[in-house]
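In what follows, a structure is listed as structure tokens, so that the remarks can point back to it.
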Protein chains: 2
Amino acid sequence: MHNTDKLKQILHKKNLRYTQQRQEVWDEICSTNEHRDAEDIYNSLRKRQTNVSRATVYRTIDVLVKNNLVRRLDLGDGRSRFENKMGIAHHDHIVCLDCRKIVEFMNEEIEEIQEQVAKEMGFEIVRHVHQLFGHCLDEKCPNK
Amino acid sequence: MHNTDKLKQILHKKNLRYTQQRQEVWDEICSTNEHRDAEDIYNSLRKRQTNVSRATVYRTIDVLVKNNLVRRLDLGDGRSRFENKMGIAHHDHIVCLDCRKIVEFMNEEIEEIQEQVAKEMGFEIVRHVHQLFGHCLDEKCPNK
DNA sequence: ACTTCTTTGAGACTCAATCTCAATAGAGGG
DNA sequence: CCCTCTATTGAGATTGAGTCTCAAAGAAGT
């Protein structure tokens, strides 16, 4: 389904209005696979003459996150990052402490064990955070 | 080793000064195994007539975290929680979304797999965050 | 077009955490 | 015990991501 249609569909289902601003924010988020924060997204919009206010960027992102179109990433540095979730399989993240590169990983075994562990401890998991922080072995990375 | 001695030892090694305030903050953190934030710790100190300023509480916690006496926990709700790390084995956390109860877990298998995964992706892990969020099956928990 | 209700923008506000800087106080040496 | 050299402290200002307010603008159904 095209991005525009998907957005319209979801907004309609939730009795929310389809607006130019919401479309612009959604387009901007779909335009890359980087892990950007709200300020980055706001600035990218301004750079291409699309003036959506900061408040609206935040509000729209909230709508997209709540409706599962966008994923919020908290890497513990005090601001949320966002990634387009459309047709993207679940994954977790490895972050390089030197160059701040973010790489995605997914391991079915870990997913299963953590489910089992939670069950044993009397929990039903809704979501999880699994992040690895370390040093990448990339040549171009500083501290090499 | 007694708490006071441990603190003195570490401060000395780092050429930092042993002060009454640092001792008080460290004592307060050692006094329970709850996962409290800086404000909680600050308030507990005031409640027992120990006046350490908010800034000093934050600064002392930083010193303790950097020197591995205390662990910082970021559960994604906008404030850091802290736990005494002295003689405490590594563990991760499960959080109940209803009653905010925090339970600790540890699974050697997951630890090993994540190490392996990181290696395969060209990373050397320094630390990790692994948190499970869901609903506990406790009778006393709301939403039952 | 009319009406109703939602959304937007601009700036004020919140809140955890950090910074500033003058005053205070460890710690080692004499 | 005092001196000097620095580190530390307290009080309040500041930061910065994110949220709130409210009047004006704009969807969407009729």
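Proteins come first, then strands; the chains are lettered A, B, ... in the order of their sequence lines, and each starts at number 1.
Dashed line: the shortest gap from a side-chain N or O of B/Ser80 to OP1 or OP2 of C/dA16 is not under 4.0 Å. Within the structure, every side-chain polar atom (N or O) of A/Gln20 is placed at least 4.0 Å from both OP1 and OP2 of C/dT7. Close to C/dA17, at under 4.0 Å from its OP1 or OP2, lies no side-chain N or O of B/Arg54.
A salt bridge does not link A/Arg81 with A/Glu34: every distance from a Lys NZ or Arg NE/NH1/NH2 to an Asp or Glu carboxylate oxygen is 4.0 Å or more. For A/Arg72 and A/Asp62, the salt-bridge test passes: some basic side-chain N is under 4.0 Å from an acidic carboxylate O. Ion pairing of B/Glu24 with B/Arg48 is present here, as a side-chain N (NZ or NE/NH1/NH2) and a carboxylate O approach within less than 4.0 Å.
The distance between atom CZ of B/Arg59 and atom C1' of C/dA25, rounded to the nearest whole Å, is 14 Å. Rounded to whole Å, atom P of C/dA16 lies 15 Å from atom CG of B/Leu75. Computed from coordinates, the B/Leu73 CG to C/dA16 C1' distance equals 16 Å when rounded to whole Å. In this structure, CG of B/Asp77 is placed 14 Å from P of C/dC15, rounded to the nearest angstrom. Between A/Tyr42 atom OH and C/dT8 atom P the separation is 14 Å, expressed in whole Å. Rounded to an integer number of Å, the gap from CZ of B/Arg79 to C1' of C/dT14 is 14 Å. Atom NZ of B/Lys8 and atom P of C/dG28 are 12 Å apart (whole Å). If you measure from atom CG of B/Asn43 to atom C1' of C/dA16, you get 13 Å, rounded to the nearest angstrom.
Remark on DNA chain C: of its neighbouring residues B/Tyr58 and B/Leu16, the 5'-side contact belongs to B/Tyr58, judged by nearest-heavy-atom nucleotide. Sequence order on DNA chain C of the closest nucleotides to B/Gln21 and B/Arg81 puts B/Arg81 first from the 5' end.
For C/dC5, the base has a donor-acceptor partner in the side chain of A/Arg17 [N/O atoms by modelled type, under 3.5 angstrom].
Of the candidates C/dA16, C/dA27, C/dT8, C/dA27 carries the atom nearest the B/Tyr18 side chain, counting heavy atoms from C-beta on.
Counting any heavy atom pair closer than 4.0 Å across all strands shown, B/Asp37 reaches no nucleic acid atom. Contacts of B/Asn51 with the nucleic acid, taken as non-hydrogen atoms under 4.0 Å apart, involve only primed sugar atoms and P, OP1 or OP2.
In the model, B/Arg22 has no side-chain atom that pairs as donor or acceptor with a side-chain atom of B/Thr56 under 3.5 Å. Side-chain contact annotation: B/His128 with B/Gln114, donor-acceptor N/O pair under 3.5 Å present.
The side-chain contact (heavy atoms from CB on, under 4.5 Å) test with B/Arg71 is passed by exactly one of B/His35, B/Arg127, B/Glu83: B/Glu83.
On the nucleic acid side, DNA chain D has its first and last nucleotide under 4.0 Å of a heavy atom of chain B at D/dT6 to D/dA11, going 5' to 3'.
At a threshold of 4.5 Å between non-hydrogen side-chain atoms, the residues A/Ile94 and A/Gln131 do not count as touching.
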